[in-house]
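The next block holds one structure in the form of structure tokens; read it before the comments.
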Amino acid sequence: MDDFDVRGLVQPMRVALQVTCINDALYPDTGRNVVRLLRRLGVDVEFPAAQTCCGQPMVNTGYINEAVPVLRTFVDAFAGYDAVVTPSGSCAGSVRHQHAIVSARAGDPLLAERSADLAPRVFELSEFIVDVLGVIDVGAWFPHTVAYHPTCHSLRMLGVGDRPTKLLEAVEGLTLLPLSEAEECCGFGGTFAVKNAGTSVAIGEDKVRNVLATGADVLVAGDRSCLTHIGGLLDRQRSGVRVMHLADVLAQTRPPGGGRR
Amino acid sequence: MTGTFVGMPAFPAAARDALDNAQLRANLDHATSTIRAKRAAVVGELEQWEALRIAGAAIKDDVLLRLDDHLLTLESALQDAGAVVHWARDAAEACRIVAEVARAHEADEVVKVKSMVTQEIGLNEALAAEGIAAWETDLAELIVQLGDDLPSHILVPAIHRNRSEVREIFLREMPDAPPGLTDDPARLAEAARMHLREKFLRAKVAVSGANFAVAETGTLVVVESEGNGRMCLTLPDVLVSVVGIEKVVPSWRDLEVFLQLLPRSSTGERMNPYTSTWSGVTAGDGPQEVHVVLLDNGRTRALADEIGRQALRCIRCSACLNACPVYERVGGHAYGSVYPGPIGAILNPLLRGVGSSDQVDSLPYASTLCGACYEVCPVLIDIPSVLVNLRAQVVDAHRSGLPKAEAVAMKTARATLSSSWRLALAERFTRIGLGAARRFGASAWTRSRDLPEAPQESFRKWWRRTGGRP
């Protein structure tokens, strides 16, 4: 019985939402939908107000020194929680793969220890629902055709595999359409989108062409940053295809009275 | 004579030119997607593929940890086998050694096996300056050389050309091209074969690189697909091989791993067509004078980089080029080096160092960090992590002096993101910021992409107002 964790029996797991800086500032609805979804699944998620950002924008641009105080803020905000949920494969990937680089750079063994302790408890949304909660059918209802773009950091850095598509397939009324060359990057790449804007757009236009070829109403992904890029291209083309975060879809429920279909 | 990468603009400008070339993009799209599919099919056949990758990386890492020992073993084995071993610190030294060997035999021409390292050191240009013509005998290298062009891919240097362009180049530049030449690939290959045969039979000196150098027996290995390499390695009297010091492997057993990894990753073949091995001089058979030039040219600099040194595992398969979304759109020339694509984006800065050339410093940023390169690399080079580390080196190299706008922005971000109250304050200006970006339009983002609408309130503000209970 030595390794039996009684904490979960005595008191419920304390779960924090790391909303991500982009959702905080630009897509608060996605953050609200994560809260709504998790509460529906019985998780009383908290929002530690001290949080800011994972530091990835700085690290990926080469400004690792500048990311050190951001990492301190991150660790201070989330250290007391049993689990941290983030609606971003990219931010979760940054926590697991880059925070060690940042703390090494800081030359601060305590920060290194605290961030190494925290990193395994940070979960991307679909990982948290499928692996921690053990749920596939979240009780959602979304009567639309959907294409799913598996963003690179979710796919290759985290290896979330088919968790997001399993969750989507279990949504009532949702038709998931196959996206060709789905695993190809959308061309966003953080500051790449501005530093090499032409190349970023050229890659994105091929992604958009594949999305339009599915005939889907909605493109879903687990990262708002990639969706800002793809959605910006779709909107510029007046395509009529909406982009939605995975959380935005999973939070939808059948309205009282049954709804359409 | 081929062109030169010297003086190429930094990646963003070079990429812009490439993006405007519709023919180039069509050729690249077709070629990379074909080769990607071939690779995926043959890699999928091997259940032990992951184990092979791990073994390949481990062998190379072990070599790099004891590189000096392995090189001394190689040198003495080569000498015992009758080869002359030269050590070259840099490109100039290596070129001088090759030219001296050619001059000693009064050769005014050499035939060449396709080799990345001789392109890296600019050997053809250096020999030309000495009045020695270097004939490329690989079909694609021949196309590049005749077209006064630059290679744009490690394995398929003329990947940016389609067959009708190849036909035009042959008709224009090859005096012995048959007049009725069509763009049928078999006819084009035949024309090249006729053109080259005469050179193979005439040349006294051949120049090659090496894919591997086996230390225990002093054996060099060249892996090729056309048989031109075999001709160069066996017909001339004198053979000079330029070999990067990271090409050494301890024993023949190690080749078992790499000769499975390399063809499946590069050409998408199960087995390589022509694998030539030779150990020094064999009396009465093949070249009777064999030289080996062991080249540093920045490799020890790369070796000193703790994170970057894994790039020296590279076996030049080019799977990362074919998998890369950036390479697929802009091609190889935009990287301004014989090593393009993801591996070029790390290898060039590692070999040459950052902080002194805008072109080199732009390469670590020529990536979306999507990780497709790492996924296909047969020796597990974590290219995205090396890219990020090199970006940090680029930033650090420019920390003194006048800060760029980007550096100011990042320092502002550090201040803003170090405390939640400063972030909350900054978020009040989200609407103003987005509005300004929209109004003053032609920014790098908005030229082709719409910006999102600013929300009424940030998530943070909503939570404070409602406690997360709507």
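These numbers were taken from a predicted model, which means no experiment stands behind them. In what follows, chains carry the letters A, B, and so on, assigned in the order in which the sequence lines appear, proteins first and then strands, with residues in each chain numbered from 1.
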When [options] are compared by non-hydrogen pairs under 4.5 Å with chain B, the top option:
| options | value |
| --- | --- |
| Val68(A), Thr61(A), Thr30(A), Asp235(A) | Thr61(A) |
| Gly189(A), Ala25(A), Gly187(A) | Ala25(A) |
| His97(A), Glu181(A), Gln51(A) | Gln51(A) |

Looking at [options], which makes the most heavy-atom pairs under 4.5 Å with chain A?
| options | answer |
| --- | --- |
| Lys411(B), Glu328(B), Glu406(B) | Glu406(B) |
| Phe11(B), Trp421(B), Tyr365(B), Trp463(B) | Trp463(B) |
| Leu423(B), Leu417(B), Val388(B) | Leu417(B) |
| Cys370(B), Ser458(B), Ala392(B), Pro325(B) | Cys370(B) |
| Glu457(B), Glu427(B), Lys461(B) | Glu427(B) |
| Ser385(B), Ala407(B), Ala413(B) | Ala407(B) |

Per-residue contact mode, [X] against chain B (heavy atom under 4.5 angstrom):
| X | answer |
| --- | --- |
| Asp76(A) | neither |
| Arg105(A) | side chain |
| Arg236(A) | both |
| Ile230(A) | neither |
| Glu46(A) | backbone |
| Glu184(A) | side chain |
| Val194(A) | both |
| Asn196(A) | side chain |
| His229(A) | both |
| Val19(A) | side chain |

Given heavy-atom pairs under 4.5 angstrom as the criterion, report whether the side chain, backbone, both or neither of [X] touches chain A.
| X | value |
| --- | --- |
| Arg399(B) | side chain |
| Asp396(B) | side chain |
| Val330(B) | side chain |
| Arg422(B) | neither |
| Arg16(B) | neither |
| Ser419(B) | backbone |

With a 4.5 Å limit on heavy-atom distance, are the side chains of [X] and [Y] in contact?
| X | Y | value |
| --- | --- | --- |
| Asp361(B) | His398(B) | yes |
| Ser265(B) | Trp49(B) | yes |
| Met58(A) | Val102(A) | no |
| Val218(A) | Val220(A) | yes |

[atom1]/[X] to [atom2]/[Y] distance, rounded to the nearest 0.5 angstrom?
| X | Y | atom1 | atom2 | result |
| --- | --- | --- | --- | --- |
| Glu127(A) | Thr86(A) | CD | OG1 | 10.5 Å |
| Ile203(A) | Leu233(A) | CD1 | CG | 11.0 Å |
| Thr228(A) | Ile22(A) | OG1 | CD1 | 4.0 Å |
| Leu125(A) | Leu38(A) | CG | CG | 6.0 Å |

- Query: Do you know which of Ser225(A), Pro28(A), Cys91(A), Pro87(A) makes side-chain contact (heavy atoms from CB on, under 4.5 Å) with Asn23(A)?
  - Reply: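 Running side-chain contact (heavy atoms from CB on, under 4.5 Å) over Ser225(A), Pro28(A), Cys91(A), Pro87(A) with Asn23(A) returns exactly one hit, Pro87(A).
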Between [X] and [Y], which heavy-atom pair has the shortest distance, and what is it?
| X | Y | value |
| --- | --- | --- |
| Ser367(B) | Arg391(B) | O-NH2, 3.1 Å |
| Pro48(A) | Ala77(A) | CB-O, 3.6 Å |
| Asn322(B) | Arg36(B) | O-NH1, 2.9 Å |

- Message: Tell me whether Glu183(A) at atom CD has more than 12 heavy atoms from other residues, nucleotides or ligands lying less than 6.0 Å away.
- Response: no
- Query: Should we count CG of Asp20(B) as having more than 12 external heavy atoms under 6.0 Å?
  - Reply: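 Yes, the 6.0 Å shell around CG holds more than 12 heavy atoms from other groups.
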- Query: Which of these passes salt bridge (charged side-chain N to carboxylate O under 4.0 Å, His left out) with Asp248(A): Arg32(A), Arg36(A), Arg242(A), Arg224(A)?
  - Reply: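 Of all the options given, the one that passes is Arg224(A).
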